[in-house]
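Only one structure is covered here, and it is reproduced in the block below.
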Amino acid sequence: MEFFNDVGDDPLKPTLFELVAQEQLRDLLQPALKYVLSVFAQSYPRYLLRIVNRHEEFYALLMFFVERHYLRTQGASFAENFYGLKRRRTPLFKTDRARAASGGVFAEEKLRDREIWRSLLFLVGLPYVRAKAQDYFEELGGGVQADIIEDSRQAPEDESWRGRLKRAYKAAYPWVNTSFEIWLLLYNVAYLFERTPYYRPWLAWVGVDLRRVSADDMRAARAGMPKPGAPPPKGVIAILKHVLKRSPRLFLDSLKVLLPTAIFFIKFLEWWYSPSSPARSLSTSPLGPVVPPPRLLPPHPQGIRVDVVEYGMCPLCRDTLSNATAFPSGYVFCYRCAHDYVEKHSRCPVTLVPARMWQLRKILV
């Protein structure tokens, strides 16, 4: 990244690599938070299960307060501030010469309420809408191949206007989503070759552009900090009021330090509990040795023979295994063959042991 720091006439203009990096950080926050909540929800389902089920709404509400705080105090989103970037109101004329002559940060560059609310619309609202659209597309069965669906029998199509709208949405969503991604890619390429000052198309409507944080910005932020000369509060109630008043701001400001620490801690736990970790070989399981898999039940004399069947072939249809499915007895057949046989005979075709439909297990290779 250092190689690109001084490329071009404007040293405060961020490179495309910095902008893409801060966007990737923002995109990784939601799945990371969902994973952590899912792990803790297994131990505390009474308190966290509803949050996990409505994770998109919870995350959007949480990021609304976080992004709003950083836009008001730092003039940047959380991820942009993490990478040393800021949002500047788009000037009507170039201010580089005036800045070089006078120095400091111009008051006209600071974000107003209009730029803050428009930024929140695209920092919080747009990702929420895209996440809900993707979830609804998957709920309608989008992106699922027909050969991995358990029951391939076609259900009667819903000819009502709701059913037609759902089918139209399922067909149009991939094209709309792909077109949107291509639109963003074109703006990235145009920004890379300095054809536009905005790496995202909506920044022109918001009225801001992204800049690196300069030494003048740091001095201005240091000058705006409260001076330590104020007398400390006296009394227990006054101290509690002071702590409660400052704790949300302190927590939001500390996210810049807590985030890399949490990422390091999660990656450390992921390495520690991975099967390839050296720490796993040094510790012995308190549950004893690994339980071996169960043995195959012996074939019944009246069942079908499997010793004459080649490996990878279904004993029922004598063809290559398709969508392999195992019986509780351990024998594997095609899913369609196993489904039809259990539906008619309710038993294993080899051992003749009773079997039910819910006992069939798909084998994912």
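- Residue Val353 shares its hydrophobic cluster (ILVMFWY side chains chained together at separations under 4.5 Å) with Leu297.
- Contact check for Leu121 versus Val206: no side-chain heavy atoms found under the 4.5 Å cut-off.
- Lys13 forms a cation-pi arrangement with Tyr191, by the criterion of a distance under 6.0 Å to the ring centre and an angle within 45° of the ring axis.
- Among all heavy-atom pairs drawn from Thr90 and Asp209, the shortest one is OG1-N, 3.9 Å.
- Under the side-chain contact (heavy atoms from CB on, under 4.5 Å) criterion, Leu33 pairs with Leu37, His55, Phe58, Tyr59, Leu62, sequence neighbours left out.
- Between Leu71 and Ser77 the shortest heavy-atom distance is CD2-N, 3.9 Å.
- Under the 4.5 Å side-chain criterion, counting only non-hydrogen atoms from C-beta, Leu85 is in contact with Leu19.
- Residues Glu80 and Tyr70 bring no donor and acceptor atom of their side chains to less than 3.5 Å of each other.
- Inter-residue side-chain proximity for Pro174 and Phe137 is flagged as met; some heavy-atom pair is nearer than 4.5 Å.
- Hydrophobic clustering (ILVMFWY, side-chain heavy atoms < 4.5 Å, transitive): Phe180 and Val124 are in one cluster.
- Under the 3.5 Å distance criterion, with hydrogens and angles disregarded, no donor-acceptor pair is assigned to the side chains of Glu18 and Gln22.
- Both Leu126 and Trp183 sit in one connected hydrophobic cluster of ILVMFWY residues. Membership requires side-chain heavy atoms under 4.5 Å apart, directly or through other members.
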For this session: Report the C-alpha separation of Tyr187 and Tyr199 in whole Å, then their side-chain angles, then the decisive distance to 0.1 Å, and conclude whether the ring-ring contact (aromatic ring centres under 6.0 Å, His included) test is met.
Result: CA-CA 6 Å; Tyr187 258 84; Tyr199 87 107; 9.3 Å; no
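- Taken together through direct or relayed side-chain contacts under 4.5 Å among Ile, Leu, Val, Met, Phe, Trp and Tyr, Leu28 and Phe17 form parts of separate hydrophobic clusters.
- Side chain to side chain, Ser119 and Arg87 meet the donor-acceptor criterion of an N or O pair below 3.5 Å.
- No continuous path of ILVMFWY side-chain contacts below 4.5 Å connects Tyr169 to Val129, so the two sit in separate hydrophobic clusters.
- Between Pro349 and Phe327, the shortest heavy-atom distance links the atoms CD-CZ, 3.7 Å.
- Closest of all the heavy-atom pairs between Ser322 and Cys334 is N-SG, 3.3 Å.
- Heavy atoms only, all atoms of each residue included: His300 and Thr351 are closest at CB-O, 3.5 Å.
- The aromatic rings of Tyr335 and His339 lie tilted to each other, with the angle between the two planes from 30° to 60°.
- Rounding to the nearest 0.5 angstrom, the gap separating the CG atom in Leu186 from the OG1 atom in Thr196 is 12.0 Å.
- With sequence neighbours left out, the side-chain contact (heavy atoms from CB on, under 4.5 Å) criterion links Ala204 to Tyr198.
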For this session: Evaluate the criterion ring-ring contact (aromatic ring centres under 6.0 Å, His included) for residue pair Phe40 and Tyr44; output intermediate values, then yes/no.
Result: CA-CA 6 Å; Phe40 283 101; Tyr44 307 98; 7.1 Å; no
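- Taking each heavy atom of Glu56 and Tyr128 in turn, the nearest pair found is O-CD1, 3.7 Å.
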